[in-house]
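Beneath this line is the structure, given in structure tokens, with notes to follow.
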Amino acid sequence: ETPAGFRLYRSTSAITDVSGMSYRAVIGGVTTDAPQTDGVYYYAITAVDLAGNESAMAAAAAISYDKAAPVITIGGIAADALYNGEVRPVFSAYDLNLDTSSLTALLDNILFESGSSVRTAGSHTLTVSASDMLGHSASKTVSFNIDLSSPVINISGVSNGGYYTAAVTPVISASDAHLSAVTALLNGLSYVSGSAITANGAYTLEVTASDLAGNITHVSAAFNVDLPPQKAQNLAALIEDGVSLTLSWTSAGVGVSVYKVYKDNVYLGPVGTDRNYYKDTVYSAGAAHIYEVLAVDYKGRDGVRARAEIP
């Protein structure tokens, strides 16, 4: 039976069975093959009929191929990679007929020896060239960057050791040529830059910034917020019998030592935190009055006055 075609198999090791191997279809009796690298290659061929039936393979043949350009390998660095310290690029070339004297490298256009240290910050380009005795040549270029600078973190709105008697709004920023991530923790919990801090207490703001080269910066600021008392809430006035009036309100928050009550800007007296009300027994019906209540903290600081106008 005359074959309809052939299948050519190639391997870098001896072929004893073509099952599962990839092949190249061959029409006619002649073909060419050009491997990417020099070396010893093993070939086997089978015949195929019109129905797709494949014959047993012919005896495999080994052929030394030396028409490819040298294969250059560069290690110790990766293309477009960032490093935060010294690197030592290494390189080599493979070819059956390598001209060893042709293997050269340029780092930033300066002759470079394999394995030498590179520690200067900035962008670098390594180009390696080689040729064989038959004039086949090859080159390979890898660019990389050494970044020795850590991110710069700025915290505004608060400072380390600060003491504040009003709400604060820390704002965080970070700068770096290859900035990767910025995180902030306020007393161990995630914090969003620009969020107001309105509760009294001791705080520690910790900020961490990293860049793509692996450089990391940590900055922290410990501070205290000590606000005056808040305004008494829900101040209401109830006229009971035409000659007396009762003021009532809800708590102004923690840290209050006493409340002060005013009528028409005249101090009427203190009220303990155990009772949030005051009874005016000399109320004058039919007259306009302004009642005010303010909270006082343990440091003697007055809060904002809550106001009720009668009628």
Transitive ILVMFWY cluster of [X] at side-chain heavy atoms under 4.5 Å: who else is in it?
X      : answer
Val243 : none
Val171 : none
Ile197 : Ile153, Ile155, Val158, Tyr164, Val168, Ile172, Leu179, Val182, Leu186, Tyr191, Tyr203, Leu205, Val207, Val219, Phe223, Val225, Leu227
Met57  : Tyr9, Ile15, Val18, Met21, Tyr23, Val40, Tyr42

For the residue pair [X] and [Y], establish whether any side-chain heavy-atom pair is separated by less than 4.5 Å.
X      : Y      : value
Val118 : Pro89  : yes
Asp66  : Leu134 : yes
Ile77  : His124 : no
Trp249 : Val261 : yes
Leu106 : Leu111 : yes
Thr208 : Ile216 : yes
Tyr283 : His289 : yes

Test applied, salt bridge (Lys or Arg N to Asp or Glu O under 4.0 Å); reference residue, Glu292; option that passes from Lys231, Lys263, Lys260, Arg305: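 Among Lys231, Lys263, Lys260, Arg305, the one that satisfies the salt bridge (Lys or Arg N to Asp or Glu O under 4.0 Å) with Glu292 is Arg305.
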Side chain to side chain donor-acceptor pair (under 3.5 Å): pairs with one or both residues in residues 26-39, sequence neighbours excluded: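 Listed by first then second residue: Arg10-Asp33, Arg24-Asp33, Asp33-Tyr43, Thr37-Tyr41.
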Can you get from [X] to [Y] by hopping between Ile, Leu, Val, Met, Phe, Trp and Tyr side chains that sit under 4.5 Å apart?
X      : Y      : answer
Leu148 : Tyr83  : yes
Tyr291 : Leu294 : no
Tyr65  : Met133 : no
Phe91  : Leu98  : no
Val293 : Leu268 : yes

Heavy-atom closest contact ([X] atom, [Y] atom, distance):
X      : Y      : result
Ala167 : Thr198 : CB-CG2, 3.9 Å
Ala288 : Pro311 : CA-CD, 3.8 Å
His136 : Pro70  : O-CD, 3.4 Å
Ala306 : Ala232 : CB-O, 3.5 Å
Thr165 : Pro228 : O-CD, 3.2 Å
Ser143 : Thr125 : OG-OG1, 3.3 Å

Thr246 OG1 to Tyr278 OH distance, which is reported to the nearest 0.5 Å: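 Here the rounded value is 10.5 Å.
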Separation between CG of Leu238 and NZ of Lys279, rounded to the nearest 0.5 Å: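 The NZ atom of Lys279 is 9.5 Å from CG of Leu238, to the nearest 0.5 Å.
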For atom [atom1] of [X], is the number of surrounding heavy atoms from other residues, nucleotides or ligands below 6.0 Å larger than 12?
X      : atom1 : result
Arg88  : CZ    : yes
Asn109 : CG    : no
Glu54  : CD    : yes

With Asn276 via side chain to side chain donor-acceptor pair (under 3.5 Å) - residues at least two apart: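 With sequence neighbours excluded, Asn276 shows a side chain to side chain donor-acceptor pair (under 3.5 Å) to no residue whatsoever.
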Given 3.5 Å as the limit, does a donor-acceptor pair link the side chain of [X] with the main chain of [Y], or not?
X      : Y      : answer
Asn187 : Thr204 : yes
Thr217 : Val152 : no
Asp264 : Ile290 : yes
Ser139 : Val128 : no
Asp302 : Val296 : no

Residue that, paired with His178, satisfies side-chain hydrogen bond (donor to acceptor under 3.5 Å, both in side chains) out of Asp147, Asn215, Asp211: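 Single pass found, and it is Asp147.
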Test item: side-chain donor near acceptor, Thr141 and Thr127, under 3.5 Å: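 Judged by distance alone, the side chains do pair up.
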Side-chain donor-acceptor contact under 3.5 Å, Ser55 with Thr46: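 Side chains of Ser55 and Thr46: no pair found under 3.5 Å.
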